2 protein chains.
Amino acid sequence: MLARGRGVTVWRQIAEVIEAEIAGGGLVPGTRLPTEAALTERFGVNRHTVRQAVKSLVDKGLVRVTQGSGTYVEAKPLTYPISTRTRFSEIVVGQARDPAGRLLGHSEAGASLEIAEALDLSPEDPVVMVESAHFADGVPISWAVTAFPLPRFAEVPAVYAATGSITAALAACGVSDYRRASTKVGAAIADATDSARLEIAEGRPVLVIDSINVDPDGVPIQWARSHFCADRVRLTVGG
Amino acid sequence: MLARGRGVTVWRQIAEVIEAEIAGGGLVPGTRLPTEAALTERFGVNRHTVRQAVKSLVDKGLVRVTQGSGTYVEAKPLTYPISTRTRFSEIVVGQARDPAGRLLGHSEAGASLEIAEALDLSPEDPVVMVESAHFADGVPISWAVTAFPLPRFAEVPAVYAATGSITAALAACGVSDYRRASTKVGAAIADATDSARLEIAEGRPVLVIDSINVDPDGVPIQWARSHFCADRVRLTVGG
DNA sequence: ATGATTTGTATATTGATCTAGACCATTATG
DNA sequence: CATAATGGTCTAGATCAATATACAAATCAT
């Protein structure tokens, strides 16, 4: 099975075999890979060689390793369409996965220049800042820091904490519908905060999305800067 | 262009680039590859690394190296259909290449057991043995030792030497048509003789074909053991 | 013939890959 | 809590890959 001296390293050949088994459906997302010992046995190589193969799969975002537990096949990337009507929970449910949102913290503050401009406020106008994390099937997909104008949306943190849903939080403040008015997409390298909140290694790619939501009257109600784990999400724009 | 530390050796990547250029038509058969020095420059690697890449292409039969001269793209393998009516020159001409045959030597002898059986003779019946080499565009394709019954085909060596054509030599002996009655295909590793006559390295693969031709009346007229350079020929049987 | 060009060979050095073995840290399980 | 299972880290040595030089041998052009 393994060809030595043909210009392809052993660890890469092993990685390609496992990758093919994932792509071919032999290894379903969420299932545990054979243990390092088992792979060592199967391929007839040293454990370190298997580990290097697994490391390359981790770097590609195909598997996730947990010390003491095992190596698991990552879920297929979530397809995240960005349109004027984007609802995280609907997107996740639409792909047969279980959405969840969690409030990380909140505070009241004066709007920064950037936020004031986005929400059509004056600098230092009061806003409530909300930090939240979002999950699909318990796996972190994104985290965000968002700003809502005060006093109109004073209730948002409490309702969001209780429901995990921005849509519900806005509804509690009398906004029954909203749409996305602006989206900017960038990319960055995960820092310590991204690493902790998305449960990824520092250095992995992150999609950074600045968005502005407006109510049916076109009044800005929410500015958000979201950090998506790029290994777990594929944005679709238009199409 | 070259990715180091990704599990694929540098020499293999270089070989794949050159192979793609050959397959893509950028390097026509017969043309000379850039010199080792030029390739060293182009890929930014050591000369030995280029040499290993070239060696892998030689091993695949894609190029041929001549010390002091250069490295040349091999011709595409000649497709050699084996049927009841097989004529070397017609096959070669049919592929827009220039056929040639050369007499290497001849002698009269008594038929060996194998030849006697093939030609329907008794052992030690007189035959003329002919050794010949066959070329397409000047490149050696095969060499063969053949046996013809005597006295019927005494003229064969002289005519073959003059024309380079077995068909013409047989015609001179009154055989206007012939067909292949038996073919056995085997493979071997080139020995010193193969190496010299086919201009290939010892150890390269060789197709060994034993065939018997018969005249229109079904009388055996020629036994042949041909050695084909496997890198330059693809046999097609049936189809 | 002569010299320049081009491939062939040899040796040595450095770094990457693979193997081997030992021990630690985390997780799962009874 | 104790134990086993599993991945994480470290050291050391063997082999392979790539570099760096030097020189030999064959070919080609003049």
Side-chain angles (χ1 to χ4, degrees), chain A residues 1-18 27 30-59 62-74 138 195-196 199-203, chain B residues 1-18 27 30-59 62-74 138 195-196 199-203:
Chain A
M1 171 121 81
L2 299 177
R4 293 171 192 246
R6 298 298 175 88
V8 182
T9 55
V10 172
W11 65 260
R12 172 145 187 165
Q13 295 179 59
I14 293 172
E16 286 173 351
V17 168
I18 297 174
L27 290 168
T31 59
R32 204 182 73 174
L33 244 60
T35 66
E36 291 179 349
L39 292 172
T40 294
E41 174 79 12
R42 170 180 171 190
F43 291 105
V45 299
N46 190 271
R47 178 170 163 236
H48 292 331
T49 308
V50 165
R51 281 176 60 76
Q52 195 167 9
V54 172
K55 180 178 183 302
S56 75
L57 296 176
V58 171
D59 289 341
L62 286 173
V63 301
R64 164 179 33 93
V65 180
T66 308
Q67 182 173 352
S69 176
T71 305
Y72 300 86
V73 179
E74 283 277 19
S195 170
E199 295 174 15
I200 58 177
E202 291 190 41
Chain B
M1 170 122 81
L2 298 177
R4 291 170 194 250
R6 299 296 174 86
V8 182
T9 55
V10 172
W11 64 262
R12 173 149 186 161
Q13 295 178 61
I14 293 172
E16 286 172 352
V17 168
I18 297 174
L27 290 168
T31 60
R32 204 182 74 171
L33 244 59
T35 65
E36 291 177 351
L39 292 173
T40 293
E41 174 80 11
R42 169 180 173 191
F43 291 105
V45 300
N46 188 272
R47 178 170 162 237
H48 289 322
T49 308
V50 165
R51 282 177 59 76
Q52 193 166 10
V54 171
K55 180 179 183 303
S56 76
L57 296 176
V58 171
D59 288 342
L62 287 172
V63 301
R64 163 178 35 91
V65 180
T66 308
Q67 180 172 355
S69 176
T71 305
Y72 300 85
V73 180
E74 283 277 20
S195 170
E199 294 174 18
I200 59 178
E202 290 189 41

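No experiment lies behind these values; they were computed from the predicted model shown. Throughout, a chain's letter reflects where its sequence line sits, starting with A, and its residues are numbered from 1.
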Spell out, as yes or no, whether a donor-acceptor pair under 3.5 Å connects the side chain of Q13(A) to the backbone of A3(A).
-> yes
Integer-rounded Å distance: dT7(C) P and K55(B) NZ = 17 Å
Using atom CZ of R64(B) as one end and atom P of dG8(C) as the other, report the distance to the nearest whole Å.
-> 13 Å
Can you tell me the distance, in whole Å, between the CG atom of L39(B) and the P atom of dA18(D)?
-> 16 Å
Rounded interatomic separation in angstrom, taking CZ from R6(A) and P from dC16(D) = 14 Å
V54(B) vs V65(B) side-chain heavy atoms within contact, under 4.5 Å = yes
Short question: side chain of R12(B), backbone of R6(A) - any donor-acceptor pair under 3.5 Å?
-> yes
Nearest-angstrom distance from the residue atom CH2 of W11(B) to C1' of dA18(D) | 13 Å
Got T49(A) and F43(A) here, is their nearest side-chain heavy-atom distance under 4.5 Å?
-> no
Rounded distance in Å - CG (L57(B)) to P (dT7(C)) | 14 Å
By nearest-nucleotide position on DNA chain D, the 5'-leaning member of A37(A) and T9(B) is A37(A)
Between dT26(C) (C1') and E36(A) (CD): distance, integer Å | 13 Å
Of R51(A) and R12(B), the one whose closest nucleotide on DNA chain D sits nearer the 5' end is R51(A)
With no hydrogens and no angle check, is any side-chain donor or acceptor of R32(A) less than 3.5 Å from a backbone partner on S69(A)?
-> yes
Round to a whole Å and report the spacing from CD of Q52(B) to C1' of dA16(C).
-> 14 Å
Considering only heavy atoms from C-beta outward, does the side chain of L39(B) approach that of I18(B) to under 4.5 Å?
-> yes
Determine whether V45(B) and Q52(B) make a side-chain contact, defined as any pair of heavy atoms from C-beta on separated by less than 4.5 Å.
-> no
Check every strand shown and say whether R32(B) touches a base, only sugar-phosphate, or nothing at a heavy-atom separation below 4.0 Å.
-> sugar-phosphate
Contact letters for nucleotides 19-29 of chain D, in which S counts primed atoms plus P, OP1 and OP2 and B counts the base, heavy atoms under 4.0 Å | BBBB--BBBS-
